[in-house]
> 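Here it is: the structure, laid out below.
Protein chains get the first letters and strands the later ones, always in sequence-line order, with residue 1 at the start of each.
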Number of protein chains: 2
Amino acid sequence: MASFQAQLEESADRVTVALDALLARADGPEARLASAMRYAALGPGKRIRPFLTLAAGRMLGADERGLLRAGCAIECIHAYSLIHDDLPAMDNDDVRRGRPTVHIAYDEATAILAGDALQSAAFEIMAGADTHPHPSVRLALVEGLAKASGARGMAGGQMIDMLSPTREGDDIGVLTRLHRMKTGALISFSVEAGAALAEASSDARHALEGYAHDLGLIYQIVDDLLDAEGLPSIAGKAVNKDARQGKTTFVTILGVDGARERARHLAAQAKEYLALFGSSANILKSCVDFVLERRS
Amino acid sequence: MASFQAQLEESADRVTVALDALLARADGPEARLASAMRYAALGPGKRIRPFLTLAAGRMLGADERGLLRAGCAIECIHAYSLIHDDLPAMDNDDVRRGRPTVHIAYDEATAILAGDALQSAAFEIMAGADTHPHPSVRLALVEGLAKASGARGMAGGQMIDMLSPTREGDDIGVLTRLHRMKTGALISFSVEAGAALAEASSDARHALEGYAHDLGLIYQIVDDLLDAEGLPSIAGKAVNKDARQGKTTFVTILGVDGARERARHLAAQAKEYLALFGSSANILKSCVDFVLERRS
């Protein structure tokens with residue numbers, strides 16, 4: 001079996017090629033919008049969310065083409081959220097994955113519109129006939145994607161994060177809930193989409209739900225650890241930002257060692273959820289280690 | 001029969017009540033996001049798009065509840081587009097319908113997120129089981145809404161509009177195409193959604209497509225006329241902005257009289273498309289006159 005890293009890269013390449021076909025170039029004056037959308041969605045990235053859709057769906061026997069398409073829809077939502085989160089009125093970041101952010105490479109108006117149009121594209125892609133032959137499955141995916149990205153999911157989490165970056169009274173429960181919404185909801189939905197496309201049993205779905213929940217939290221804890229100790233050349237973005245902004249993170253609450261310990265504990269728990277699937281879940285298990293040990 | 005104005009107001013009230021139920025209030029730190037979404041979507045407005053969905057759908061025998069729900073989804077897209085268009089990096093408007101715009105009443109980050117979350121809400125509402133019993137009909141509506149709001153529709157039109165407000169070389173064809181995307185696509189889809197929910201014949205759909213196309217253009221020409229000659233207290237927003245910005249409009253190309261003449265011509269043509277439906281289309285005919293003669 002190819003190494004996890006090789007499988008992740010193979011999946012990322014396939015997603016990029018598929019997105020390249022789905023996000024058409026444009027002629028005429030609107031070409032700038034299409035260009036900014038492609039800059040954001042096709043640029044470097046691990047494509048971890050579509051990878052989860054592909055891995056969970058393959059494990060459960062879903063059709064490859066539909067998995068790839070659903071993964072592309074999810075990646076469009078992720079790409080739009082990064083564009084908007086980087087805006088001056090939000091996190092005000094100039095660099096993302098080692099490149100100028102969209103509002104720097106283009107301008108602020110183009111960045112706002114490119115994010116908006118990527119969100120529309122996500123739903124158009126998910127609703128399309130190639131995602132799954134049964135309309136009811138596609139509809140469930142559209143609804144799930146809307147919930148994961150909306151006010152009770154990603155956008156709601158980002159709102160909480162913007163409101164009070166210092167949050168002195170915050171405890172681990174408040175912080176967990178924030179990240180469960182801000183990043184966890186879309187990561188969970190990525191796994192769920194694979195299961196939905198395979199029309200998996202509710203037992204399988206519940207197990208994957210537990211797995212995805214823990215994986216999302218590990219992802220965020222490691223993000224906080226990387227920010228606290230990382231080098232910009234490794235992380236590909238500004239680091240030590242949280243501390244400079246006096247922001248509450250898993251590291252400020254638990255300390256570096258405590259946060260590492262928490263992530264390791266969650267990793268063990270995430271793998272336990274996969275017992276149901278035996279060795280067919282090895283790739284999802286490897287993904288836990290990858291997220292835990294990632295350096296960018 | 002009640003006057004057109006009374007019917008429009010009755011429909012607007014029903015849409016506002018339905019939106020109030022669909023856009024839930026929230027507790028906790030994300031309450032601010034829900035509040036901004038509700039401020040934008042439930043504030044004063046003609047709700048002309050949902051009115052078109054209701055009117056076209058009722059004419060063709062669609063179920064009332066589904067029409068109202070689809071109309072609410074469309075109004076969420078419209079509300080999100082107004083929030084983002086008003087942002088400082090876009091049209092930089094402080095007043096909308098006589099009230100502070102969302103980034104003034106709240107702040108810029110909240111406005112960006114409220115627009116984003118309203119777009120997600122639109123798709124969640126449209127995909128929901130209450131829209132239509134057949135999943136394939138709901139899916140077609142989701143796809144249509146995504147196309148109307150995305151890069152080849154509303155967002156693409158706004159991009160063109162932002163790029164070069166003066167556009168010296170513009171002719172009427174370029175301007176028509178811009179507005180066909182920026183405002184026409186969603187107006188057309190509003191009518192189309194009513195026909196789709198009624199599972200109307202393709203003859204009926206084509207007739208309504210022609211009607212909606214012309215209605216959208218009339219709407220924009222009248223917008224340009226109101227901006228050129230309106231008073232802020234009537235229009236409920238900043239006026240004479242186009243001229244101050246040296247912007248190309250139907251009025252700068254055709255003159256006030258020429259633009260009025262063009263709108264009247266389109267109005268006659270829009271009504272001709274409705275001949276197929278006989279007197280059952282009276283309300284859609286009245287809507288043409290309303291859009292033509294509106295003062296705000």
Side-chain angles (χ1 to χ4, degrees), chain A residues 23-24 26 28-30 32-34 37 80-81 84 87-90 103 107-128 134-136 138-140 142-143 145-147 149-160 162-164 174 177-178 181, chain B residues 23-24 26 28-30 32-34 37 80-81 84 87-90 103 107-128 134-136 138-140 142-143 145-147 149-160 162-164 174 177-178 181:
Chain A
L23 297 174
E30 66 268 36
R32 185 178 178 82
L33 181 62
M37 290 166 73
Y80 118 65
S81 77
H84 283 188
L87 285 168
M90 305 271 274
H103 66 275
D107 58 68
E108 225 179 303
T110 303
I112 294 166
L113 288 169
D116 290 345
L118 275 170
Q119 183 173 182
S120 306
F123 290 104
E124 188 180 342
I125 291 167
M126 194 62 103
H134 293 166
S136 55
R138 276 137 66 200
L139 264 183
V142 165
E143 272 197 278
L145 186 61
K147 283 188 176 132
S149 57
R152 285 152 295 154
M154 193 178 74
Q158 177 68 3
M159 179 83 259
I160 302 173
M162 292 298 306
L163 273 179
S164 164
V174 173
R177 181 169 177 275
L178 186 172
M181 291 170 73
Chain B
L23 298 173
E30 66 268 37
R32 185 178 177 83
L33 181 63
M37 291 167 72
Y80 118 64
S81 77
H84 283 189
L87 285 168
M90 304 272 272
H103 65 276
D107 58 68
E108 226 179 302
T110 304
I112 294 167
L113 288 168
D116 291 345
L118 275 170
Q119 183 174 183
S120 306
F123 290 104
E124 187 180 343
I125 292 167
M126 193 64 102
H134 293 167
S136 56
R138 275 137 65 199
L139 263 183
V142 166
E143 271 197 278
L145 186 61
K147 283 189 176 132
S149 58
R152 286 151 295 153
M154 193 178 74
Q158 176 69 2
M159 178 83 259
I160 303 174
M162 291 299 305
L163 272 179
S164 164
V174 173
R177 179 168 177 277
L178 186 171
M181 291 170 72

> Kindly write out the residues that satisfy side-chain contact (heavy atoms from CB on, under 4.5 Å) with B:Ser120, not counting sequence neighbours, or none if the list is empty.
A:Gln119, A:Ser149
> Give, for atom CG of B:Leu113 and atom CE of A:Met159, the distance between the pair rounded to the nearest 0.5 Å.
5.5 Å
> Can you tell me which of A:His134, A:Met37, A:Arg177 forms the most heavy-atom pairs within a distance under 4.5 Å of chain B?
A:Arg177
> Heavy atoms only, distances under 4.5 angstrom: which of A:Leu33, A:Asp116, A:Val142 has the most pairs with chain B? Name it, please.
A:Asp116
> Name the member of B:Ala117, B:Gly28, B:Ala127 that forms the most heavy-atom pairs with chain A at distances under 4.5 Å.
B:Ala127
> Is A:Met154 in contact with chain B via its backbone, its side chain, both, or neither, using a 4.5 Å heavy-atom distance?
neither
> Quick one: list whatever passes side-chain contact (heavy atoms from CB on, under 4.5 Å) with B:Ala26, sequence neighbours left out.
B:Glu30, B:Ala34
> Given heavy-atom pairs under 4.5 angstrom as the criterion, report whether the side chain, backbone, both or neither of A:Met126 touches chain B.
neither
> Going through the distances and angles, do B:Arg152 and A:Glu124 end up as a salt bridge (charged side-chain N to carboxylate O under 4.0 Å, His left out)?
CA-CA 12 Å; B:Arg152 286 151 295 153; A:Glu124 188 180 342; 2.9 Å; yes
> Quick check: do A:Phe123 and B:Leu145 have side-chain heavy atoms less than 4.5 Å from each other?
no
> Is B:Leu87 close to chain A through its backbone or its side chain, or both, or neither, when contacts mean heavy atoms under 4.5 Å?
side chain
> Which heavy atom in B:Ile112 sits nearest to a heavy atom in A:Ala89, and how many Å separate them?
CD1-CB, 4.1 Å
> Pick whichever of A:Gly157, A:Ala151, A:Gly156 has the most heavy-atom pairs under 4.5 Å with chain B.
A:Ala151
> Angle between ring planes, A:His84 versus B:His84, binned at 30° and 60°: parallel, tilted or perpendicular?
perpendicular
